Amino acid sequence: MQKPKAASSKKVAPDRARKVQAIPRDYAGNWVAWSADGRKIVAVADSFRACEQAAERAGFRADQVAIDRVPASRQRLTGSGM
Amino acid sequence: MRFDYSEREVDPLPGEFGVQVIHEPIVLVRFIGPSQTYLVRGLLDTGASMTLAPRFYFQKLGMSVAQSERVRLRTASGTVNVLLGALDLEVRLGSSSYRWSAQVGFVPRADNLALLGHAGFLDHFSVTFDGLRKRVTLKPNGTFPAPIFNSA
């Protein structure tokens, strides 16, 4: 009897150029400010305004960060379902 | 332009064990309105027929309700009231940047993410989702409408 095969056995070497910061589970429900290149979290707070202020204190102007709210840790993101 | 997927730790679903890491095709877009610009992270959403921005930014960008149209959109979970407005979008990576005008719908979203759908965004690129390497490539297809604002 043949051993079952995985549907895909293709392996990919880790992408060492990858530099986008992963969002830790601890941040769920909080607001995070991203750097202008979208790769690094520069501030975390419990409201949009507090996050914007924390980013400013860290040296990032309001128009140079993207601020959004991390979904609950059980929540998978959906788009068009909203 | 090639972007790595966003990476997020989440709780396990039934049948999974330990902290899981999920990947979401999210890119950074600058929304440029009549009086202000904002960077917003947007989910590349092939299931959305148009591009939607968080309602939160409508007034902050300087958009006017009087000059906007109200429409109802059907979504996977029901219908939603949308304010339509014209503004510019810009995507930047390193020294490359592209800017164009688009009709965008503003909808309430608790997570403050934009949904980058076909009209206004995906229609202007050839998009390759690389699920294996967790990255997406956007190649402009030469259909960008001219920007309408002179800023930034």
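Being a predicted model, the structure only gives us computed values, none of them experimental. Order of the sequence lines sets the chain letters (A, B, ...), proteins ahead of strands, with each chain counted from 1.
Of the candidates B:Leu44, B:Thr46, B:Val91, B:Leu44 is the only one forming a side-chain contact (heavy atoms from CB on, under 4.5 Å) with B:Leu116.
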For B:Asp45 and B:His118, run side-chain contact (heavy atoms from CB on, under 4.5 Å): C-alpha distance rounded to whole Å, both residues' side-chain angles, the deciding distance at 0.1 Å, then the answer. CA-CA 8 Å; B:Asp45 186 1; B:His118 289 280; over 6 Å; no
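A distance below 6.0 Å separates the ring centres of B:Trp100 and B:Phe125.
A salt bridge is absent between A:Arg69 and B:Asp111: the closest approach of a Lys/Arg side-chain nitrogen to an acidic carboxylate oxygen does not fall below 4.0 angstrom.
Using a 4.5 Å cut-off between heavy atoms, B:Phe31 makes no contact with chain A at all. Residue contact with chain A, scored on non-hydrogen atoms closer than 4.5 Å, is absent for B:Phe3. Proximity to chain A is limited to the backbone of B:Val40, based on heavy atoms less than 4.5 angstrom apart. Looking at B:Leu13, both its backbone and its side chain come within 4.5 Å of chain A, counting heavy atoms on both sides. With a threshold of 4.5 angstrom between heavy atoms, B:Leu28 approaches chain A through side-chain atoms but not through N, CA, C or O. Contact of A:Ala72 with chain B is made through the backbone alone, with heavy-atom distances under 4.5 Å. Heavy atoms of A:Gln64 lying under 4.5 Å from chain B belong to its backbone as well as its side chain.
Counting heavy atoms from C-beta on, the side chains of B:Val29 and B:Leu89 come closer than 4.5 Å. Between A:Ile67 and B:Tyr38 the shortest side-chain heavy-atom distance does not fall below 4.5 Å.
Most heavy-atom pairs under 4.5 Å with chain A: of the set B:Gln20, B:Gln36, B:Glu9, this distinction falls to B:Glu9. Counting heavy-atom pairs under 4.5 Å between each of A:Ala28, A:Gly38, A:Ala22 and chain B puts A:Ala22 at the top. Taking B:Asn112, B:Val19, B:Val27, B:Asp11 one by one and counting their heavy-atom pairs under 4.5 Å with chain A, the maximum is reached by B:Asp11.
Smallest separation of non-hydrogen atoms from B:Gly33 and B:Leu87: CA-CB, 4.4 Å. Closest approach of A:Ile41 to A:Gln21, counting heavy atoms only: N-OE1, 2.8 Å. Pairing each heavy atom of B:Met50 with each of B:Val104, the nearest pair is CE-C, 4.2 Å.
The hydrophobic clustering, which links ILVMFWY residues whose side-chain heavy atoms are closer than 4.5 Å, places B:Leu52 and B:Val71 together.
There is no side-chain donor-acceptor pair under 3.5 Å between B:Asp130 and B:Tyr5.
Interface with chain B: from residues 43-63 of chain A, residues A:Phe48, A:Asp63 qualify, criterion being any non-hydrogen pair under 4.5 Å.
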